Amino acid sequence: MLEIKSLRKSYGQQEVLKGVDCSVQEGEVISIIGSSGSGKTTMLRCVNMLEEFQGGTISLDGEEIGYHVEGSTRRRKSEKEIARQRALTGMAFQQFNLFPHMTAAQNVMLGLIKVKKMPKSEARSIAERWLDRVGLSARADHYPGQLSGGQQQRVAIARAIAMSPRLMLFDEVTSALDPELVGEVLQVIKGLAADGMTMLLVTHEMRFAYEVSSRVIFMNQGVICEEGNPKEMFVNPRTERLAEFLKTSSFN
Ligand SMILES: Nc1ncnc2c1ncn2[C@@H]1O[C@H](COP(=O)(O)OP(=O)(O)OP(=O)(O)O)[C@@H](O)[C@H]1O
């Protein structure tokens, strides 16, 4: 469903993605691992159209998405087109980015009303359903400031999924959480994986990547260095780089 071909992305003179090729099939749960600065977050941000890229293509269900810049000109897309394409992928971030003056339910409803043009009552019932799914039905009318970090992250995940994206992107969603709150968020992601949602996760939680992923992608210096089934890869890494990375990671 997702096809990334020869993706290249630079920030100024620094080339961060140096030709990434990756295809994702429906229902796959893929963890992207690798040391800091290897380009994991940048890759997700290109897919979610938060970053421009200079080379390659990203296609979702055969449709080319993303911002490709050729020389100094961007392939022009209308705002409407960008909003529609961005809604094809949902993204949850390390920082939850909830609107503090809106309740949990209102945060989830916002995109449904503004982007999907849904009537308020319908948006509310979808928000309630997803908040219930992430274990927060009793907190629907609480403001982010009244919720723990783990609860806020679960609202952020519910907000992204309520938009019915084809693909969910998770960018280190547990990194900003106190250790005792990590489990509840990982549990929600595990549940979504069990439901068959297609997802790409950037994570430093190696044990989680091992348990939940159908495939793991190891990135190093802007390229995919190794990929495969975590059960094989983590036990018998083919490359020295992955072996070294696993030694310094939390996987043991
Ligand atoms: N907005 C930006 N402007 C300039 N350079 C950036 C920007 N965002 C990221 N970079 C650089 O791009 C490189 C890749 O960053 P990226 O965040 O994709 O790595 P990562 O693998 O996700 O790392 P981490 O695990 O630390 O999040 C890094 O060298 C980073 O400093």
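Atoms within a ligand are numbered from 1 in the order they appear, just like the ligands themselves. For clarity, every value in this text was computed on a predicted model and none was experimentally measured.
For the pair Lys247 and Phe245, the cation-pi test (distance below 6.0 Å, angle within 45°) is failed.
Atom CZ of Arg241 has 12 or fewer neighbouring heavy atoms from other residues, nucleotides or ligands inside a 6.0 Å radius. Heavy atoms from other residues, nucleotides or ligands lying under 6.0 Å from NZ of Lys231 number more than 12.
Every atom of ligand 1 with a heavy atom of Ser36 under 4.0 Å away is listed here by number and element: 23 (O), 24 (P), 25 (O), 26 (O).
Here the side chain of Gln153 pairs no donor or acceptor atom with the backbone of Gly150 at under 3.5 angstrom.
Between atom 19 (O) of ligand 1 and the options Gly12, Gly39, Ser10, Gly222, the minimum heavy-atom separation is to Gly39. Among Val202, Leu44, Asn220, Thr42, the residue whose heavy atom lies nearest to atom 16 (P) of ligand 1 is Thr42. The nearest non-hydrogen atom to atom 27 (O) of ligand 1, considering only His204, Glu51, Lys40, Glu172, comes from Glu172. When the options Ile32, Thr41, Thr203 are ranked by their closest heavy atom to atom 22 (O) of ligand 1, first place goes to Thr41.
Heavy-atom separations between Ser35 and ligand 1 include at least one value shorter than 4.0 Å. Ligand 1 has no atom lying under 4.0 Å from any heavy atom of Gly34. In this structure, Gln14 is part of the shell of residues with a heavy atom less than 4.0 angstrom from ligand 1.
In this structure, atom 31 (O) of ligand 1 is not in close contact with the protein, since no protein heavy atom lies within 4.0 Å of it. Remark: atom 7 (C) of ligand 1 lies closer than 4.0 Å to at least one protein heavy atom.
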- Task: Give the C-alpha distance, both sets of side-chain angles, the deciding distance and a yes or no for side-chain hydrogen bond (donor to acceptor under 3.5 Å, both in side chains) between Gln146 and Gln151.
- Result: CA-CA 9 Å; Gln146 299 170 310; Gln151 290 169 337; over 6 Å; no
